[in-house]
Amino acid sequence: MRAETILFPTEAGLYCPSGGFHIDPVRPVARALITHAHSDHARAGHQAVLATRETLDIMAIRMGEDFAAETQEATGPLTIGDVTVEFFPAGHILGSAQIRVTPKAGPRIVVSGDYSRAPNPTCTPFQPVDCEVFVTEATFGLPVFHFPDPMEEMQRLLASMAEFPERPHLVSAYSLGKAQHLIALLRAAGHDAPIAIHGAMQRICDYYAARGIALGTLIPATADEVPAQLVLAPPGAVDTPWAQRFRDPVQAYASGWMAVRARARQRATELPLVISDHVDWGQLTGTLTELAPSEVWITHGAEDGVMRWCELQGMPARPLRLVGYEDEAE
Amino acid sequence: MKRFAVLLERLAFTPARNAKLRLLTHYLEATPDPDRGWALAAMTGDLDLRRVTPGLLRTLAGERVDEQLFALSYDFVGDLAETIALIWPGQGGLPNAEPSLSQAVALLQGTGKAQLPAAIAAMLDRLHPSERLAFLKLATGNLRVGLSARMARMALAQMGVPTVPEIEEIWHGLTPPYQPLFDWIGGGARPESAALAPFRPVMLSTPTDIEELRALDPARYLAEWKWDGIRVQAVSDRGQRRLYSRTGEDISGAFPDVIAAMEFDGAVDGELVVRREGGVAPFGDLQKRLNRKTVGRALLSSHPAGLRLYDVLIWQGEDLRDRPLTARRQVLEAAEFPGGRIDLSPLLPFDDWDALAALRADPPEAVIEGVMIKLRDAPYVSGRPRGPWFKWKRDPMVVDAVLMYAQRGHGKRSGFHSDFTFGLWDGEALVPVGKAYFGFTDAELRELDRFVRANTVERFGPVRSLAPKLVVEVAFEGLNRSTRHRSGVAMRFPRISRIRWDKPAAEADRLAALEALL
């Protein structure tokens, strides 16, 4: 079988007819394999969902226990129809996985979902997996993206807190993954004081803690007076009346997009922090070099940059032009 | 270089003045000489370096990066220097061996044109990615951190004994990297500056009204018109002539016509104006002459500048600042200013405050924005003492405008929408005519914020577009024609003087009503 007949894009998302399933479908389907629990990849309303334990748990927290009629935890290789599927860690957020689809005869395809190669204390590191076709994201698929050492970014945040001790530091970070990653980095950088979190992050943080990921003392940022200098909130929250309880805050924003000034300006942030859960250019191209697949498929993001790089390397590549995945929420 | 890069990054994203000041002070305290001096000069625009052209940078990038990838990246980033800083391959030289700011400055000062491309490439190779942008901004002369010389001096004053006025007096005799200045701040001797024509801190007035004036004896005061120009100090000292703004910025370069007319020896205080047909031209004409390093012949003849004096600090070597105003005024009146560019602001005859009020209500020229009232016996003291000098401004002009856009504020208004764009009707459409950031109370701010949230139609980044529902009374001090504003007019000091919750938007003023005020 040719790769294009094993797995191909449809309106609902990547579809595997031999197994009768979609991967990260953007609309309700009969059987969905989900790489990770971010809302653009993991949606409610499928008949059956196969995902890692953590992804299933987080989906239940975010969408309710009844997010799918039937769920199954991915453990080890599993034969579905005429193909075998197996989940491997992607290093993006807790529970994130790459999915390898192996046909009885033909090329093995790895759908990496969103992935990262940088050390992240809140999830299992990315595992390179043998394959003939590697399906990659290209969120930061331009050579301008080189993410600095995250500990340096934490030092900048802590230095600002020391420089402006009277001002609360309100850090915008995506509720699932980024927020916990940031907290873990701060703890590693030696910040032991309680960190206040917006209500929307509470249950996810509780879940991370329950899975043994130490986040230290977290307090809710719901009272009129929040007794913590550091406050984490989802990006939209700084634009709501909730944020009015903080007097003269330093507004920080944690995202890979902060590497580019114009993007940081759009967020009206005072302290852009380059913290990403995606691969930067060096990690992306390094991963392609390491895996040396016979073909690269690009799902979403800056495909043109990655296409050009593959062309220069003589590595066959094509864009899948999938719709429905946001690269903004990073 | 690293510390300088971090500082630039913080300053670029920090809107609040006090926060900027603190960042700068901490940087200057923590950074050794001569780096901190070079940094200060670079940020205030006092550093003359070889300018690296965008073309040269593009060529350098082309030697290292695939052209197509570079084009895609530049298109995304939008800024050439930043694109190159980010895309430049490699992670810099050895840690702890990175070039200092002084080395970067030396490279940009001392490298010949032929060697420059290779020198810049080698520097980029040695710099850590986060420092490349700072270097490239320095090289292209484009730091844009919004730091005035005044702020720099305030930061310096926070570091040691010398006060801002003391630093201002010697500032113009100093050159980067200001080693004698930092020595003085660190406890050493005051640099005995050889600089002629120093700036002396100016005396400022406080606003007043008829109630406050009624308690004062009019016989003890002089009054003059308040001219709508900019306050300057003109200093001519043994042949060296300088024109300073009231904050001590040297603006001589933009006003060679005024400099040429300064045929005196002393330091005088007055209003910089554009003169036309014997009168004073509107502020908009003066604005065309401001913020320039040099000025062309055409502008010199179409917008001739001059001075209207009202005080004198130093005259023929003698410091008059301790003398009463009447004595200083006598010195000015006895002096001759040939050529017609410099004259005195006339005194206004008045016996009581009502008489002065009548003059203020009906000034002879449109560019008069009120009256100045000065205590006859007062010496010339720097700063803004309350009592000796009052400004009694004409009542502002007002229009009823419709709120169109809102943006979140900063500092204590963070979280509230406090920056408003308002417009007037032109036919069936609203045309934005200005922006206002203040004029409302904290309670009103909360109400405005609630209105903004409930009436947002669209968002563009941090800006919200609003349903045209709310009328605000906007007060402003003057009006100029402007090609930069869609409406063709620009207001001076606009502020929201009243929120007209009661007034339907359709009854707000029309653009024609504003144009009629021109």
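Numbered from 1 within each chain, the chains take letters A, B, ... in sequence-line order.
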Toward chain A, the part of B/Glu9 with a non-hydrogen atom under 4.5 Å
both
Heavy-atom pairs under 4.5 Å with chain A are the metric here; pick the option from B/Asp66, B/Val65, B/Val463, B/Thr83 that has the most.
B/Asp66
Applying a strict 4.5 Å limit to non-hydrogen atoms, the region of A/Pro148 in contact with chain B is neither
Using non-hydrogen atoms and a 4.5 Å limit, figure out which bit of B/Ile84 sits close to chain A: side chain, backbone, both or neither.
neither
Closest approach of B/Asp449 to A/Gln244 (non-hydrogen atoms, all atoms of both residues)
OD2-NE2, 2.7 Å
Charged N to carboxylate O below 4.0 Å: is that the case for B/Asp79 and A/Arg261?
no
Do the side chains of A/Glu166 and B/Arg22 get close enough for a salt bridge, i.e. N-O under 4.0 angstrom?
yes
Which distance, rounded to the nearest 0.5 Å, do you find between the CZ of A/Phe164 and the CG of B/Leu23?
4.0 Å
CD on A/Glu153 to OG on B/Ser130, rounded to 0.5 Å:
9.0 Å
Examine whether an atom of A/Ala259 lies under 4.5 Å from a heavy atom of chain B, and if so say whether it belongs to the side chain, the backbone or both; otherwise answer neither.
backbone
Check whether A/Arg167 gets within reach of chain B through its side chain, its backbone, both or neither, counting any heavy atom under 4.5 Å.
side chain
Do B/Phe13 and A/Tyr253 have ring centres separated by under 6.0 Å?
no
Can you tell me how far the CZ atom of B/Arg10 sits from the CZ atom of A/Arg156, to the nearest 0.5 Å?
7.5 Å
Checking heavy atoms, do the side chain of B/Ala85, its backbone, both or neither come under 4.5 Å from chain A?
neither
Examine whether an atom of B/Arg464 lies under 4.5 Å from a heavy atom of chain A, and if so say whether it belongs to the side chain, the backbone or both; otherwise answer neither.
side chain
In terms of heavy-atom pairs under 4.5 Å with chain A, the winner among B/Tyr74, B/Phe70, B/Phe76 is B/Phe76
Would you find more than 12 non-hydrogen atoms of other residues, nucleotides or ligands less than 6.0 Å from B/Lys435 atom NZ?
no
Quick check for you: to the nearest 0.5 Å, what is the distance between A/Trp281 atom CH2 and B/Ile87 atom CD1?
8.5 Å
Applying a strict 4.5 Å limit to non-hydrogen atoms, the region of A/Pro241 in contact with chain B is both
Heavy-atom cut-off 4.5 Å, strictly under: side chain, backbone, both or neither for B/Ala12 against chain A?
both
Step by step, would you call A/Leu142 with B/Val77 a side chain to side chain contact (heavy atoms under 4.5 Å, CB included)?
CA-CA 10 Å; A/Leu142 285 171; B/Val77 173; over 6 Å; no
Could you have a look at A/Leu170, A/Asp239, A/Val250, A/Val238 and say which one has the most heavy-atom pairs with chain B under 4.5 angstrom?
A/Asp239
For atom CZ of B/Arg51, decide whether the heavy atoms of other residues, nucleotides or ligands shown that lie under 6.0 angstrom number more than 12.
yes
